[in-house]
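Just below is one structure, and these are the notes that go with it.
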Amino acid sequence: MRLAEWYRTSARDLPWRRPEFHGEFGAWGVLVSEFMLQQTPVTRVIPHLEAWLARWPTPTAMSAATPAEVVQQWANLGYPRRALWLHRAAVEVVDRHGGIVPREVDALLALSGVGDYTARAVAVFSYGDRHPVVDTNTRRVLARAIEGRSQPSPPSRRDLPLMASLLPASRQDAAVVNAAAMELGATICTARAPRCQDCPIAIDCAWLDAGRPDTGDTRRRQAAYEGSDRQARGAVLRALRGAPEAAVPLELVLADWPDATQRDRAIDSLIADGLAEARDGLLALPG
DNA sequence: TAGCCGTGGTA
DNA sequence: TTACCAAGGCT
């Protein structure tokens, strides 16, 4: 099919698509990359991924690290609880699977921080099995090409069966179609300015055929970041990461933050999440 | 289940 | 400048 052919000639050369990456890090490398790629752009992930795998090349190596070390190494990738979940998942892989990232979707889904997308991405892109992999790019491609909508609906239980119905029979071809749908959404069928003139499936696209109508947008909007608790939490963690011994006297944490109530709420919630801990009058990354 | 959770690039 | 957007998942 045209989509698969396009992928084979036009896909970006990304680290986790290289055979030597799979040879060196196996499913662990794919799992780490997928954690980092959750809501974080490819270009920001690549250098962090390489540093992470150089330090912790296996689940067993990762499982021996402390939470403070993983949060520090996560640096400014954002959503730092992903670092804790990845660490927890590594421990679970060691405890439950002998240090080998499992192949079965159900076993993958049982790991911390692994949901429908990440579980199937590992099973398909590392182990080569046949499952539908649906991310935000794929949902947008399907919404346009099949439903004729300008933007996808929020994630739905129907997404997986729909993608499954489009996969070719062979495992290898199915994996390529999964990857190609994501790649098309990431590079051609983008959210803002889709390049339909370069699209390999333009002739089959319901949305293009209808004249690219604006069908409205039912996606959930992201809450404002400026002035949010998220911003305060981010500022606290940045201060801890940058401090000697990753610890700051409690009364000096965000001492000049404009909203003291919000600052204290941020500190308390970070402690509750296991991303910080208070000891001896200090706030520190979790030991 | 709808809200919440970081960070930085882009238009 | 403000708002959108980015290989999601948890509660």
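Each chain gets a letter, A, B and so on, in the order its sequence line appears, and its residues count up from 1. What you see is a predicted model; the values in this text were computed from it and never measured.
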**Request:** Would you please confirm or rule out a distance under 4.0 Å between OP1 or OP2 of dG6(B) and any side-chain N or O of Arg233(A)?
**Result:** yes
**Asked** Rounding to the closest angstrom, what is the interatomic distance between dC5(B) and dG9(B) at atom P?
**Response** 23 Å
**Message:** Tell me the interatomic distance from Trp85(A), atom CH2, to dC5(B), atom P, rounded to whole angstroms.
**Reply:** 12 Å
**Message:** Taking any heavy-atom pair under 4.0 Å as a contact, classify Gly78(A): base, sugar-phosphate, or nothing.
**Reply:** base
**Message:** Under the side-chain contact (heavy atoms from CB on, under 4.5 Å) test against Met36(A), which residue among Val42(A), Leu31(A), Leu77(A) passes?
**Reply:** Leu77(A)
**Message:** Distance check needed: dT7(B) C1' versus Leu37(A) CG, whole Å only.
**Reply:** 15 Å
**Which nucleotide in dA3(C), dG6(B), dG8(C) has an atom nearest any side-chain atom of Arg44(A)** = dG6(B)
**Request:** Please state the P separation for the pair dG8(B) and dC4(B) - nearest whole angstrom.
**Result:** 22 Å
**Message:** Tell me whether the side-chain N/O atoms of Asn76(A) come closer than 4.0 Å to OP1 or OP2 in dG6(B).
**Reply:** no
**Request:** Grab the CD-C1' distance between Glu183(A) and dA7(C) for me, whole Å please.
**Result:** 10 Å
**Distance test, side-chain N/O of Gln39(A) to OP1/OP2 of dG8(C), below 4.0 Å** = yes
**Request:** Could you measure between the two P atoms, the one in dG3(B) and the one in dA7(C), and give it in whole Å?
**Result:** 23 Å
**Message:** In whole Å, I'd like the distance from the CG atom of Leu31(A) to the P atom of dA7(C).
**Reply:** 18 Å
**Message:** Quick check: on DNA chain C, is the nucleotide nearest Arg12(A) upstream (toward 5') of the one nearest Ser112(A), or the reverse? Name the residue that is more 5'.
**Reply:** Arg12(A)
**Asked** Counting any heavy atom closer than 4.0 Å, what does Pro41(A) reach on the DNA or RNA strands: base, sugar-phosphate only, or nothing?
**Response** base
**Item:** Any Tyr225(A) side-chain N or O less than 4.0 Å from OP1/OP2 of dT7(B)
**Value:** yes
**Prompt:** Is the distance from OP1 or OP2 of dG8(C) to the nearest side-chain N or O of Arg219(A) less than 4.0 Å?
**Reply:** no
**Request:** Answer yes or no: is there an ion pair linking Asp217(A) with Arg140(A), defined by an N-O contact shorter than 4.0 Å?
**Result:** no
**Fill in**
In whole angstroms, the gap separating P of dT7(B) from CD of Gln38(A) amounts to 16 Å
**Prompt:** Can a side chain N or O of Asn137(A) be found less than 4.0 Å away from OP1 or OP2 on dA7(C)?
**Reply:** yes
**Asked** Does Thr118(A) put a side-chain nitrogen or oxygen below 4.0 Å from OP1 or OP2 of dG9(C)?
**Response** yes
